[in-house]
Each structure stands twice: as structure tokens, then as C-alpha cells.
Amino acid sequence: MMRLYDTASGEIVPLSLRNPGEVSMYVCGPTVDNLPHLGHGRFALVFDVLRRYLEFSGLEVVHISNITDIDDKIINRASKEHREPSDVAEEFEAAWWAAMDSLGVERPTNSPHATDYVERMVDLIGALAAKEMAYETPDGVYLDAGKVDGYGLLAHQPLDSLRAGARIETHGEKRSPLDFVLWKKAKPGEPSWDSPWGPGRPGWHTECVVMSLDLLGEGFDIHGGAIDLIFPHHENERAQAVALGIDFAHHWVHNGWVMVEGEKMSKSLGNFTSLSDLLEHHDPRAYRLLVLRSHYRSPIEVTPSTIEDAEKALERLDAMARRFDVGGYLSTWSGAPRSYDEGAVSLFHSAMDDDLDTPRALASVFELVTRANVRADSGRLDEAQILADTAALICAAMGLDLVDDSTRTDHGTLVQSLVEQRDRARKERDWSSADLIRDELVARGFVVEDSPAGTVVRRR
RNA sequence: GGCGGCGUGGCCGAGUGGUUGAGGCAGGGGCCUGCAAAGCCUCGUACGGCGGUUCGAUUCCGCCCGCCGCCUCCA
């Protein structure tokens, strides 16, 4: 059984499932007020890898990830740009999915939208008010954090110390800085829904409670997100469930930061913040590799140099894919009529079962690549093939598709004819012509390799 | 002020109380190749500092230094 770090207990614990064989997982998704950035990409990749690995292990995974499509930042942007908030949300949700597709992130089982759940959120807030866990003020409805048992569990700080450390003056009508808004009463011109407290919109922390419970039910298995969501977002989600006596998430999983030059990534730093930017200039798989290369709870440094490093490492894997033709079943390990190295597969499981140790898993892939090449170099092709297939299988289990484009011949007739001319020249041992043609192909942006079957070219 | 994380070779990044320091990238040497590319072999004598525990610490404990984060919206 897999073991995972649980933020609530602060320990690596066995992942116990509500229903054996089935994993229910809720991962906090993006607020669609802007283009996705690298941090979004990381959390999406981390939980995509977790999901794929659980599925690879034979479990059925129900993966829910929401879209926050109503929020102050969306409203602000809309009013600045003289458009409807829903228009802004639609634009950036489209950008979100485009980026996810490009990264090869599997679509969640379901991606609920906050605006589809406002009524249920009103119901939940009403229930909190009825239990006197919440109070109304002229500007909204707030949850009284001090009344919640164990508030501060996820933050690992007692209520008093959180309260003492509050850096922000109490604003609005909050009684305590730790209380948080459940319902914001609408100001003129703001989008609003009806409620017992007048027209308004829900606060951020309520949607995930309602949507996760609706789609996964009480006591679901995993609640995930990036580390910054621990406090206050997840703390406040949990607080609402606790206040209502509802069994909430059993396991809290959080991934670490994306850093840029030693500091938490922030938009003011400029370089590489937009995910689309990165994906435009680099192989999207390189970002996945970069994410896999360090542990999910560690910060990762994303710079041009670390991305390029990952791209080169990827090239080694792709070269193996070309050499051994493992391209036929990428991402679809099930039913692949291949043999695998059982020892390597079980090593992969022990790495991944140990708190999703992808660095170890990845290291074992590279070892397989070397072993496969060594076998092949000494003519033991069947053994080599098994090792190469195993490496590709493990990559696929982590969502990393290797590219085998050696059989691509649609580079155009000119290139095709250059390749033929070169092969002819080589056959006639006319090395200087062969080299000239190679230079020409390289100048046209191709990598040229000689193989027993003749010249092989591919775009670089 | 409170809470937490980190500091490993040229770079990235794992890991461990003890003979042989994952993996990748870069670099040196060699093999292979007509030459390359790809591939293979090989070279690197690391764990911020000071104490302590120990037969023995990079790994445990304490202190210090440095960096980072959370306590506010944030993936």
C-alpha cells in the first residue's frame, strides 16, 4: 500500500481508502482570472502523476478538480476591461485547459464550477449560521473561527498563536482577524446571487467544501493542492466541515513551491512566470521531467538552465525510444503485449509507494536505459528490448511519453532526396559528398544519424 | 513575535550512523564510427560553521551563520 505524507498529522502514513480499490481525490484548481503560471503547472503535474500512479497500481481514481470562476480578481479584471466577469472566466478557463492538454495532464473525472454551486453554498452557510458558528455583519457573513474545534490543525499552530501573528488589521466587520468571509454582500454593479442575507457572492473557502462533498461524499480520501493552500484555504474548508460535524478529507497532500532564482515565484519577477510562455519555448515534457526529478514536497527551481537540462535528459530517453521502438504503446501500458523486467517494475512501485518518490523512480529509469543500451551493444537484443520496454512503461506510468519519431519520413521531398543522395554517396564511399549533404541537412534544422538502415533524420 | 523548511561535487538533485557518494546535465580521457551522431567504458575524493552523543556522523542532539517560506490573496 502506498504511503503518503499527510499535512494534518505531519507524518508519512499509509493511504487508507474509504472504499478498497477506489481513491476519491479532490484537488483545488485554479481561479481563472489570468493565464496559468508555472506554479499551476507544477500542482497539476504532481497530482496528475499521483493519479496516474494510483491507476497504474490498479486502483480506480475519482479525481475532482474545480474551476473557481467567480472571485474578486475576476470581477476587478472584468471591470477594468469593461467586460463581463463570466467572459473573463471563460477566456482563462480555455487557456487553462489548453495548457493542461499541452502538459499532458489527464482531464479530471469532473471539474465543477463554483458558479454552478452557489445555491448549495448558500445552504451550507445557512446551516453554519443556524448552528451559530457564523455571524452576519453589514458587509457579509463570517465564520467564527474561534468556535471551531481544532482550528489551526493544518497550519500546525494553535488558535492563539495564529491570532497573535495576524499581520493584517481586521477589516470589514470581522470580529477576529482569523474569522473568514462565507458570503460577501454585493456592491452596486457586482455579480450577485440571492441569499437570506441579500444579494451577494460566496467567499472562496466555501466552494471546495460543497463541491467535494457533493461529488465525493463524506470522508473522501485525498484533498490536495499546493502548499500555499494549507493556510488559510484548507484550514478554513476543514473548519466549515468541522463546524457542521461533517467527516471531511482523510488525507491532506500538498506540493512545494516553484522558485525562481531562490525566491518564491512571483509575477513581479518576470521571467518564465507564464506557463504558456514556457510551453511555447520548450518541450512540455521537459517541465514534467523537471517536476518528477525532485520530490513533490521540495521547492523546485525553474530557470532556463534547469529546463534546458531537463530537455537534454529527455533527449536521452527519446534516443532510447528510437533505438528500441517503444513508441507503439505510449501512455497505454494496459494490454500492451510486451514483457517487462519484473524486478525493475517492483522497484518502481517501492519508490512511488514511499511518498511518491519520483526522483528515485526516475533514476531507475535512467539505469534501465543504460542497461538496455549495454545489452543491445553486445547483441543481446531480446533482453535489451525488455529493459527498454520497462523503462518506457515506467515513464508512461508517470505520464511521460517518449517520442519515437525515427520512422517519420514526411519531412518533405527535398529532405527525402537529400537523404537518398547521402546514402548513395556513402555507399560509394564518397565521404566528402556525404558530409556536404549532412551539413546541408543540419543547416535545415535536422539531426542526422547514421544507422544500419541508412541515414536517419529528425527535426531538432 | 509565533511556526516551519532548507544549506550535498562545476550545475541540478536524491540519499544514508560505518567498507564502494542515486540519477541527470556539463567537462576530461578512451572505445565504437570513414568522420560524426547515438551508444558504451572511465575520471570527480561532497555533505554551511562550532560543539556534543557515539568505537564511528554528512546522516542524531545543541548552538551559530546563511537562505527561504507561512502566520493576508496566492498553485
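Naming convention: chains lettered A, B, ... in sequence-line order (proteins, then strands); numbering from 1 in each chain.
- Each of A:Glu301 and A:Trp431 was assigned the nucleotide of RNA chain B with the nearest heavy atom; the assignment lying further toward the 5' end belongs to A:Glu301.
- Within the 4.0 angstrom heavy-atom criterion, base atoms lie near A:Arg438.
- Regarding A:Asp377, its CG atom lies at a distance of 13 Å from the P atom of B:rC32, rounded to whole Å.
- One interatomic measurement links the two molecules: CG of A:Leu154 to P of B:rC71, which rounds to 14 Å at whole-angstrom precision.
- Among the atoms of the strands shown, only primed sugar atoms or phosphate atoms (P, OP1, OP2) are found under 4.0 Å from some heavy atom of A:Met259.
- Counting only heavy atoms from C-beta on, A:Asn373 has its side chain closest to B:rC40 among B:rA75, B:rC40, B:rA36.
- Ring pair A:Phe180/A:His205 is perpendicular by interplanar angle, where above 60° counts as perpendicular and below 30° as parallel.
- In this structure, of B:rC35, B:rG39, B:rG69, it is B:rG39 that holds the atom nearest to the side chain of A:Ala319.
- Residue contacts for A:Val365: at a heavy-atom cut-off of 4.0 Å it reaches no nucleic acid atom on any strand shown.
- Regarding A:Ile300, its CD1 atom lies at a distance of 16 Å from the C1' atom of B:rG69, rounded to whole Å.
- B:rC65 sits 8 Å from B:rG48 when the C1' atoms are compared, rounded to a whole Å.
- Between A:Arg371 and A:Glu367 there is no salt bridge, since no side-chain nitrogen of the basic residue lies less than 4.0 Å from a carboxylate oxygen of the acidic one.
- Nucleotides B:rC71 and B:rA14 place their C1' atoms 31 Å apart, quoted to the nearest Å.
- Comparing B:rU59 with B:rC47, their C1' atoms are spaced 9 Å from each other, to the whole Å.
- At a threshold of 4.0 angstrom between heavy atoms, the contacts of A:Pro232 are confined to the sugar-phosphate backbone, with no base atom among them.
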Quiz prompt | Worked verdict on A:Asp72 versus A:Arg201 for salt bridge (charged side-chain N to carboxylate O under 4.0 Å, His left out) | solution = CA-CA 10 Å; A:Asp72 288 7; A:Arg201 62 181 183 279; 2.4 Å; yes
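- You'll find that the side chain of A:Phe43 is closest to B:rA75, out of B:rC41, B:rC35, B:rA75.
- Checked against B:rA14, B:rG2, B:rA75, the side chain of A:Asp228 finds its nearest nucleotide in B:rA75.
- Of the candidates B:rG39, B:rC40, B:rC73, the closest approach to any side-chain atom of A:Val374 belongs to B:rC40.
- Comparing the C1' positions of B:rG24 and B:rG30 gives an interatomic distance of 22 Å, to the nearest angstrom.
- Atom name P, nucleotides B:rC61 and B:rG17: the rounded distance is 12 Å, in whole Å.
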Exercise. Please step through side-chain contact (heavy atoms from CB on, under 4.5 Å) for the pair A:Met398 and A:Met352, ending with a clear verdict.
Key: CA-CA 10 Å; A:Met398 298 189 291; A:Met352 296 294 273; 4.0 Å; yes
What nitrogen or oxygen pairs link the protein and nucleotides 24-26 of chain B at under 3.5 Å?
from   : atom 1 : to       : atom 2 : distance (Å)
B:rG24 : N2     : A:Asp309 : OD2    : 3.3
B:rC25 : O4'    : A:Asp309 : OD2    : 3.3
B:rC25 : O2'    : A:Asp309 : OD2    : 3.3

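- To the nearest whole angstrom, the two C1' atoms, one in B:rU58 and one in B:rG9, are 13 Å apart.
- Between A:Ser176 and A:Arg163, the shortest heavy-atom contact is OG-NE, 3.9 Å.
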Exercise. Please report the C-alpha distance between A:Arg322 and A:Glu449 in whole Å, then the side-chain angles of each, then the deciding distance to 0.1 Å, and finally whether the side-chain contact (heavy atoms from CB on, under 4.5 Å) criterion is met.
Key: CA-CA 11 Å; A:Arg322 283 193 298 276; A:Glu449 289 181 14; 4.0 Å; yes
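- A:Phe348 and A:Tyr53 have their aromatic ring centers within a separation under 6.0 angstrom.
- For A:Arg323, whose side chain is taken as the heavy atoms from C-beta onward, the closest listed nucleotide among B:rG39, B:rG2, B:rA22 is B:rG39.
- Computed from coordinates, the A:Arg297 CZ to B:rC70 C1' distance equals 16 Å when rounded to whole Å.
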Quiz item: After noting the C-alpha distance and the side-chain angles of A:Asp377 and A:Arg323, does the key distance pass the salt bridge (charged side-chain N to carboxylate O under 4.0 Å, His left out) rule?
Solution: CA-CA 11 Å; A:Asp377 285 352; A:Arg323 183 173 190 182; 2.6 Å; yes
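- Nucleotides B:rC67 and B:rC73 have their C1' atoms positioned 25 Å apart, rounded to a whole Å.
- Atom-to-atom, CD1 of A:Ile227 to C1' of B:rC3 comes out at 12 Å; the value is rounded to the nearest Å.
- The CZ-P distance, from A:Phe47 to B:rA75, rounds to 14 Å in whole Å.
- Checked by distance alone, A:Asp435 brings a side-chain donor or acceptor within 3.5 Å of a matching partner on the base of B:rG34.
- Between A:Ser298 and B:rA14 there is a side-chain polar atom (N or O) within less than 4.0 angstrom of OP1 or OP2.
- With A:Phe446 as the aromatic partner, A:Arg458 does not meet the cation-pi criteria of under 6.0 angstrom to the ring centre and within 45 degrees of the ring axis.
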Quiz item: Going through the checks in order, is the side chain to side chain donor-acceptor pair (under 3.5 Å) test met by A:Gln385 and A:Asp389?
Solution: CA-CA 6 Å; A:Gln385 189 66 48; A:Asp389 284 343; 3.2 Å; yes
Exercise. Start with the C-alpha gap between A:Thr7 and A:His234, add the side-chain angles, then the distance that decides, and say whether side-chain contact (heavy atoms from CB on, under 4.5 Å) holds.
Key: CA-CA 10 Å; A:Thr7 305; A:His234 286 166; over 6 Å; no
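- Salt-bridge check for A:Asp423 with A:Lys427: failed, with every basic side-chain N at 4.0 Å or more from each acidic carboxylate O.
- Separation of the C1' atoms belonging to B:rU16 and B:rA36 is 42 Å when rounded to the nearest angstrom.
- Rounded to an integer number of Å, the gap from A:Glu237 CD to B:rA75 C1' is 14 Å.
- Annotation: A:His349 is in aromatic contact with A:Phe56 [ring centroid separation under 6.0 Å].
- By the 30° and 60° cut-offs, the orientation of the rings of A:His223 relative to A:Phe248 is tilted.
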Quiz item: How is the base pairing of RNA chain B summarised as a dot-bracket string, given the Watson-Crick and G-U wobble criteria with both distances under 3.5 Å, [ ] for crossing and | for another strand?
Solution: (((((((..(((.....[....))).(((((.......)))))....(((((..]....))))))))))))....
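- Between B:rC70, B:rG34, B:rG23, one nucleotide has an atom nearer to the side chain of A:Ala363 than all others, and that is B:rG23.
- For a distance-only test at 3.5 Å, the side chain of A:His254 fails to qualify as a donor-acceptor partner of the base of B:rA75.
- Comparing A:Phe231 and A:Asp357, the nucleotide of RNA chain B nearest to each residue sits closer to the 5' end for A:Asp357.
- Of the residues in residues 417-427 of chain A, those placing a heavy atom less than 4.0 Å from an atom of RNA chain B are A:Arg422, A:Arg426, in numerical order.
- In this structure, A:Asn236 atom CG and B:rC73 atom C1' are separated by 12 Å, rounded to whole Å.
- A perpendicular orientation is assigned to the rings of A:Tyr151 and A:Phe231, their planes being inclined by more than 60° (bins at 30° and 60°).
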